[in-house]
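Taking it in order: structure first as structure tokens, then the write-up.
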Amino acid sequence: MIKVLIKNGTVVDPSQGIVDKIDLLIEGDRIKRLDYEIFEPEAQVIDASGLIVAPGFVDLHVHFRDPGQTYKEDILSGSKCAVAGGFTTVVAMPNTNPPIDSPHVARYVSAQGKCWGLCDVLPAGTITVGRKGEELSDFYALKEAGCVCFTDDGSPVQRTDIMQKALIFSSELGVPIMNHCEDDLLSQGSVTEGYLSALTGLKSRYPEAEETMIARDCVLAYRTGGHLHVQHLTTGFGVELIRFFKEKGVKVTCEVNPYHLLLDEGTMLSEGPLARVNPPLRKKEDVLALREALREGVIDCVATDHAPHAPYEKGLIDSSLPGMIGLQTALPIMLKLVEEEVISLVRMVDLMSCAPAKIIGLEVGTLKEGSPADVVIFDPKKEWVLNEETNFSKSKNTPLWGKPLKGKVIYTLKGGRIVYKENS
Ligand SMILES: [Zn+2]
């Protein structure tokens with residue numbers, strides 16, 4: 001059996017409360033042992049001096065555009081991007097063409113992921129047929145075909161009765177219902193309501209579009225006992241609502257996109273359409289509230305919402321498609337928050353690895369002996385730039401393109417195999 005020995009690194013594993021300079025031995029596709037000074041002459045040795053060794057990151061929210069829009073991304077380019085960012089498991093959103101509303105599309109997505117063998121690409125099934133918000137998908141068949149959650153991401157579920165039924169199924173199946181919370185009637189525009197909309201005259205996406213739907217869905221989760229997962233939370237009051245319902249014992253979890261922790265509405269003035277995302281970049285006070293909630297634990301995990309688009313789809317703010325690529329920039333953004341002492345390094349690994357794995361019930365997100373050997377090894381100090389040479393996505397729509405970043409993945413291992421190695 002192939003053995004890999006990771007030596008001299010600092011192991012950070014929140015699942016076992018470990019932050020220590022210890023070695024890690026992998027045998028086959030599993031973690032064999034964690035200990036001081038492991039000696040194993042047959043093993044391939046990775047020298048991790050000065051580096052952090054952590055459980056591979058898990059991203060609950062990516063758009064790989066496959067099938068249907070592979071000019072933006074496909075499962076191979078998306079997987080390459082994922083492992084270069086340290087992610088060993090990703091959940092692919094179902095707004096593909098055709099959407100993941102039937103078992104054969106779900107099987108196609110996971111089979112493609114397995115075929116390239118870089119990271120697990122787990123399909124999210126749609127809540128409704130065709131993501132039209134009218135008729136529930138066959139959750140049983142989709143779960144059987146490998147779907148780990150259900151969402152109509154990008155098309156929030158507007159009908160309360162549909163969301164209620166979805167959450168009832170969630171409690172029966174033990175699978176989370178994820179919602180992109182924005183009321184369509186209050187989110188017709190492209191920027192948040194406030195300084196920027198007043199200055200530019202651009203139509204708004206109101207924060208209350210998001211908050212009213214969070215409140216509605218939390219009430220439904222409270223009544224049905226279903227598991228609600230709020231996608232890409234952006235507002236300070238949204239945090240308050242989630243805290244309230246969590247304290248009531250409601251099964252609600254939520255994610256935040258690294259960009260919403262870093263950038264505010266003002267970024268649109270310098271970056272234009274590249275900074276357009278739904279829900280939009282909000283006010284400074286919202287960014288601060290999200291950071292506080294991250295520290296406090298009201299926010300459960302970080303998810304990139306990696307959303308590739310072609311350059312011509314990002315033309316003007318008002319007409320551009322929303323979204324940014326984010327798999328390779330997540331770690332540097334999160335490390336910036338560690339450097340600014342918003343969160344600890346342990347909390348960061350928890351948010352990017354252990355916590356998201358737990359939300360969908362995976363056995364990854366830990367370096368416990370016997371677990372899958374999904375490991376990320378990164379240099380928290382290494383400076384680099386996302387450009388034509390370093391980017392693995394087919395797209396380059398991010399306001400961080402060409403800007404200096406700090407923190408770089410050096411190795412990613414999936415099931416004990418090296419699937420990414422930085423060439424330097
Ligand atoms: Zn979304």
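Whatever order the structure lists them in is the order used to number ligands and atoms, beginning at 1. As a basis for the values below, the full set of heavy atoms in this structure was taken, side chains included, without hydrogen atoms, waters or symmetry mates.
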Under-4.0 Å salt bridge between Glu296 and Arg243: yes
Quick one: give me the number of protein N/O/S atoms under 2.8 Å from the Zn ion (ligand 1). 3
Taking side chain to side chain donor-acceptor pair (under 3.5 Å) as the definition, give me every residue that meets it alongside Glu271, ordered by chain and number, with sequence neighbours left out. Lys403
Taking only Lys NZ, Arg NE, NH1 and NH2, and the carboxylate oxygens of Asp or Glu, determine whether Lys284 and Glu265 approach each other closer than 4.0 Å. no
Cationic N near anionic O, under 4.0 Å, Glu383 to Lys408: no
Under-4.0 Å salt bridge between Arg291 and Glu340: yes
For a quick test of reading the model, state the closest non-hydrogen atom pair linking Leu51 to Asp379 and the distance between them. CD2-CB, 3.5 Å
